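See structure below.
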Protein chains: 2
Amino acid sequence: MTEKPTGTPSSDGSVVTPWQVTGAVDYDRLIATFGTTPLTSTLVERVERLTGKKAHHFLRRGIFFSHRDLDQLLDAYENGQRFYLYTGRGPSSEALHLGHLIPFIFTKYLQDAFRVPLVIQLTDDEKFLFSKHDVSSHPLESYIQLGRENSKDIIACGFDRERTFLFADSDYIGWLYPNVVRIQRAVSFSQVRGIFGFQHSDNIGKIAFPAVQAAPAFSSSFPHLFPTKQQIPCLIPCAVDQDPYFRMTRDVAPRLGYRKPALIHSKFFPPLQGAEGKMSASDPNSAIFLSDSAAQIRKKVNKYAFSGGRDTVEEHRLYGGDCARDIAFQYLCFFLEDDDRLEDIREAYSTGRMLSGEIKAELVRCLQPMLADLQARRQAVSNADVEEFMRIRPLIVE
Amino acid sequence: MTEKPTGTPSSDGSVVTPWQVTGAVDYDRLIATFGTTPLTSTLVERVERLTGKKAHHFLRRGIFFSHRDLDQLLDAYENGQRFYLYTGRGPSSEALHLGHLIPFIFTKYLQDAFRVPLVIQLTDDEKFLFSKHDVSSHPLESYIQLGRENSKDIIACGFDRERTFLFADSDYIGWLYPNVVRIQRAVSFSQVRGIFGFQHSDNIGKIAFPAVQAAPAFSSSFPHLFPTKQQIPCLIPCAVDQDPYFRMTRDVAPRLGYRKPALIHSKFFPPLQGAEGKMSASDPNSAIFLSDSAAQIRKKVNKYAFSGGRDTVEEHRLYGGDCARDIAFQYLCFFLEDDDRLEDIREAYSTGRMLSGEIKAELVRCLQPMLADLQARRQAVSNADVEEFMRIRPLIVE
């Protein structure tokens, strides 16, 4: 449970803040409201050309749909300027769910495709400061511990050990601090109130925190990782609800003499119950966790996944299923890599040849081996591996 | 120059905040307004009894005039419970002036008399966050450097190397951070606005900073200095304008399961121009710096020290000088240790036997050797000494 600053619903009734995503989000409208740039197929093709690899299906399918200055970052890359990736996680539940995987899967693809270093922030401080739980039952230590647990799931995603630095704020803050205070000095209460909706009753840690999430977007926050004195450009893959943090970051960058980070935004991963809002760890029936067994996956998909199918088999055969609202199909778009197979399923389901139970079975067959594989890799992550990813050391920058 | 949150003048027209001291301060009224306790002669005698030493003249002369829970701290001390001292400095000018010396002189006395450990905070972050200077001319680094310079003056005061830890926030924040976020979570914007007068236009670093000054008042902020798991009580000697920080600290302490720090407050050291406000480093003619030469001391005292003498020698002989307004006499109260000699001067000056030029000469004779001595000791402080005082290590607690 997180205490949510009040978000103002947009005209379609949806609300998107770093703490709240509700309603059916109109992503075109979000691009206009947030002032970001649509991620065009031309840009995706350019990524393919520069990396010499087929674009990730998250790009091909518009799951990452929006960006800021990605074109400039690619210009620089083309001129030999390497960048680094920055993503993160707020450790709020013991096991990550499928929605949490999206930025990590995509970040791993970017790291491999561009062969660039990566920093991953665990915001244990944020989760403590924004928690609504009682301090006595959920002390700071519990969030630090959740961060340690989560780090194993993150490492299991397969990041390049020589190019990846994983850090918890509670541990690394000493190195971030110079940039944190520089950013804090450049941002007023009025500004964070405007961006995040903070109130007078909010604690002063919340009010100051945005600077802690902003600091890793500047390479000088990592003097030992990037021993060069030159600034290294930063690319941040994140769900679009995190954009306000980085809008603020980009606003202050020039005043600090820093380069603005580039961003690439994903859509939200929907909860099992329907294609609105985003998956939340606080409702276990709305989420499939990385730790769920094959039987739990099957049960959750069959029991809770919102169906776009018709009320009767007869009607379904006649009119077909609604892929736009069918959670099984939505999830397959995220996780089924084979484009042809996905198109077959879409065609079969929307024409009524495939029934709701059958498309759910497709999803179960897709998720079970994927999660079994992740679980096996997580099992193999030792405490020593975590230490190594968290060790302050120069990262390989080609 | 510091951007000052607006302080509300009390009914005598004086203003006392951590950033502003103006007007003639009525200390009895301040005790009532702030809700502190007068430091009685009974308590001073108790200090003498417990330490087996004559009380410091700052205590005997009421320069430290107020406290919070000092009696309880002494109860615990009498029962064998040792405490630690915490004081600090905001590094804002290259050389300290006489006013800055007061808490350090007194803290050294307390350390020697009670044989207790001491932590000294250099708030380079605060001075950067509250600075009105342009960031380009006064970057964070300049405040870090001022802290290094100031640390030599502080060490020259003669603190016990085995019992003293000196730290800069920019350097030590990683260890303070767990308590900083715990404190931040317990304090709202409304509260810091009420205590410090922060506005919406204030930067978010200022708003969050009070937690950084509060954290060292809890012994768990120093796990390597005090390896015991038990809480060690804290005594904070400071000028009374710092009380708002520690009122906030004391408010949150019970909610964090911590003991409230005890406080002992000094009056302000007046500027050369008169017995109102406090000495300020930003007006070099209002201040005598620790780096001033013998000639500069003589010149500043003779030229700028406000005189309580009469307009003509004849009138002065007839009516006598006004010790309460005479800066030379005020300074002698701070720095002339010999009680009998001070009483002789008071008597001679107030009856007109001693002239204004003569009492100024007394002050010059008192200050010149004192500062020459400090300068010699400062000269002897090496960078290695600074490193040693700043090294994270167990302190001797008897």
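Note that this is a predicted model, so its numbers are computed, not measured. Order of the sequence lines sets the chain letters (A, B, ...), proteins ahead of strands, with each chain counted from 1.
Within the 4.5 angstrom heavy-atom criterion, no atom of A:Arg255 approaches chain B. Residue A:Tyr177 touches chain B through its side chain alone, counting heavy-atom pairs closer than 4.5 Å.
Side-chain atoms of A:His200 and B:His200, non-hydrogen and from C-beta on, do get closer than 4.5 Å to each other.
Nearest heavy-atom pair, A:Ser190 versus B:Ser201, reported as atom, atom and distance to 0.1 Å: OG-N, 4.1 Å.
Interatomic distance, CG of B:Leu256 versus CG of A:Leu140, reported as 10.5 Å (0.5 Å rounding).
Interface check for chain B: of the options A:Gly205, A:Gly174, A:Ser136, A:Ser188, the most heavy-atom pairs under 4.5 Å are formed by A:Ser188. Each of B:Glu141, B:Arg182, B:Arg193 has some count of heavy-atom pairs under 4.5 Å with chain A, and the biggest count is that of B:Arg182.
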Quiz item: Which is it for A:Phe209 and B:Gln184 under the side-chain contact (heavy atoms from CB on, under 4.5 Å) test, yes or no, and what are the steps along the way?
Solution: CA-CA 10 Å; A:Phe209 174 75; B:Gln184 287 180 340; over 6 Å; no
Practice problem: Could you walk me through whether A:Phe189 and B:Phe198 pass ring-ring contact (aromatic ring centres under 6.0 Å, His included), step by step? | Solution: CA-CA 10 Å; A:Phe189 177 74; B:Phe198 293 135; over 10 Å; no
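Residue B:Ile204 forms a side-chain contact (heavy atoms from CB on, under 4.5 Å) with just one option from A:Ile183, A:Val192, A:Ile204, and that option is A:Val192.
Proximity to chain B at a heavy-atom threshold of 4.5 Å picks out A:Asp169, A:Ser170 from residues 161-172 of chain A, in numerical order.
Distance alone, capped at 3.5 Å, places no donor-acceptor pair between the A:Arg185 side chain and the B:Asn203 backbone.
Within 6.0 Å of CD on A:Glu387 lie more than 12 heavy atoms contributed by other residues, nucleotides or ligands.
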